[in-house]
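Only one structure is covered here, and it is reproduced in the block below.
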Amino acid sequence: MRLPRRDFVGATAVVTGAASGMGEAMAHELATEGADVLVLVDWHAERLGLVATAIRDRAPDVKVDTHVVDLGNRADLDALVADLGRAHDHIDLLVNNAGVALFGRFAQMTIADFEWVTDINLRAPIVLTHGLLPNLLRADGAHVINTSSLFGLIAPPGQSAYCASKFGLRGFSESLGAELEDDGVGVTTVHPGGIRTRIATSARAAASVAAGDVESSLAFADKTLRMPPERAARIILDAARRRKSRVVVGLDAKAVEKLPRLVPSQMRRLLRIGSKRSLRG
């Protein structure tokens, strides 16, 4: 079954991680397209308020609601789901975009470190999607965008928590999309490459990671995170309009995603080499 193309004119859209990066850019893009209601979610109150003000100034006909929420806190997450479920009879678009990263190898981190990443990157999208599913089903051709990562396709060393969350989100999204297709609800899994967002600069470091390794990783990220988030947002929303099940964003991601198929036996060695390069900055 192929779902019909749709747009987001007049839509009610929920966007997490909306205070910066791709979430902010998608919120602006949806407002420009003519969405009716934008529900913007982030933990950073000041930046989220600035985004909402900017959208209201540019598109005064769009109703913008903001929710300052720590998606890693289960009680706050459940309260958000309840609030949104009551406030909106139907939801046309749910963008599970919020994400965090952690520097460090598995042996260097605590289970609390690991759970912080998986709670925000994986549990929050699952809880939001499950809680808002009745609202999505009441819409005419609703859509869900789940932001995985290039690291939801390949798994380099030093990224065990992040990869676990992003591979998990990929699996959840692909299964969910197959389940909901007959109900007219589409699901797009997004695998971005090097997008210039705040995820690296706002990442945490495991307690035993050397400061020099963190600095090298940040320097490497500064070199490799190049695509403007506005461009990524346009690509992602175009994929959602076309009801694509998956979109890989960026030439870097498109090139690297082919490696497991082209040289499967060499993948671990190549990823180890890449990891060592990142630590050298």
Side-chain angles (χ1 to χ4, degrees), residues 1 3 6 8 11-19 22-23 26-27 30 35 37-43 48 65-100 114-149 152 161-191 236-237 239-240 243-247:
M1 176 180 176
L3 295 176
R6 67 153 302 162
F8 300 110
T12 295
V14 177
V15 183
T16 70
M22 292 189 299
M26 280 189 274
L30 289 165
V37 178
L38 289 179
V39 181
L40 308 182
V41 180
D42 205 283
W43 68 272
L48 188 63
D65 292 334
T66 59
H67 295 261
V68 178
V69 177
D70 175 6
L71 294 176
N73 182 303
R74 183 57 190 269
D76 290 351
L77 179 59
D78 288 342
L80 174 66
V81 169
D83 288 346
L84 297 185
R86 287 191 299 265
H88 305 283
D89 175 71
H90 70 276
I91 292 172
D92 300 281
L93 178 65
L94 171 60
V95 183
N96 288 307
N97 172 74
V100 295
F114 199 100
E115 289 178 338
W116 174 70
V117 176
T118 55
D119 284 351
I120 294 172
N121 292 1
L122 179 57
R123 186 183 68 181
I126 291 171
V127 172
L128 277 167
T129 304
H130 188 268
L132 298 178
L133 189 56
N135 308 73
L136 291 162
L137 291 170
R138 283 195 290 269
D140 184 13
H143 203 85
V144 178
I145 295 173
N146 286 333
T147 302
S148 179
S149 170
Y162 190 74
C163 288
S165 68
K166 294 304 187 178
F167 269 82
L169 188 58
R170 169 190 168 190
F172 168 67
S173 303
E174 291 179 2
S175 181
L176 181 71
E179 291 179 7
L180 294 182
E181 196 171 74
D182 287 342
D183 296 306
V185 178
V187 179
T188 297
T189 314
V190 183
H191 297 283
I236 294 166
L237 289 174
R243 316 282 259 176
K244 292 183 66 175
S245 61
R246 186 175 86 158
V247 58

Rounded to the nearest 0.5 Å, what's the gap from [atom1] on [X] to [atom2] on [Y]? Could you check?
X	Y	atom1	atom2	result
Asp183	Leu3	CG	CG	10.0 Å
Asn121	Ile126	CG	CD1	11.0 Å
Phe167	Leu122	CZ	CG	13.0 Å
Ser148	Lys166	OG	NZ	6.0 Å
Leu40	Met26	CG	CE	11.5 Å
His90	Leu136	NE2	CG	10.5 Å

Query raised in the report: Going through the checks in order, is the side chain to side chain contact (heavy atoms under 4.5 Å, CB included) test met by Leu128 and Leu80?
Result: CA-CA 8 Å; Leu128 277 167; Leu80 174 66; 3.9 Å; yes
Which pair of heavy atoms, one from [X] and one from [Y], lies closest together, and at what distance?
X	Y	value
Arg123	Gly72	NH2-O, 3.0 Å
Ala13	Leu30	CB-CD1, 4.0 Å
Leu132	Val81	CD2-O, 4.0 Å
Thr147	Asn97	OG1-OD1, 3.3 Å
His67	Leu84	NE2-CD2, 3.6 Å
Ile91	Ala139	O-CB, 3.4 Å

Query raised in the report: How would you list, by chain and number, every residue that makes a side-chain contact (heavy atoms from CB on, under 4.5 Å) with Arg6, sequence neighbours excluded?
Result: Phe8, Ala11, Asp92, Arg243
Query raised in the report: With sequence neighbours excluded, what pairs up with Ala164 under the side-chain contact (heavy atoms from CB on, under 4.5 Å) test?
Result: Phe114
Between [X] and [Y] (side chain of the first, backbone of the second, donor and acceptor by atom type, cut-off under 3.5 Å), is there such a pair?
X	Y	result
Ser165	Val117	no
Asn135	Gly85	yes
Thr188	Ile145	no
Asp65	Val39	no

Contacts table for residues 172-180: side-chain donor-acceptor under 3.5 angstrom, sequence neighbours left out:
from, atom 1, to, atom 2, distance (Å)
Ser173, OG, Asn146, ND2, 2.8
Ser173, OG, Leu169, O, 2.6
Glu174, OE2, Arg170, NE, 3.4

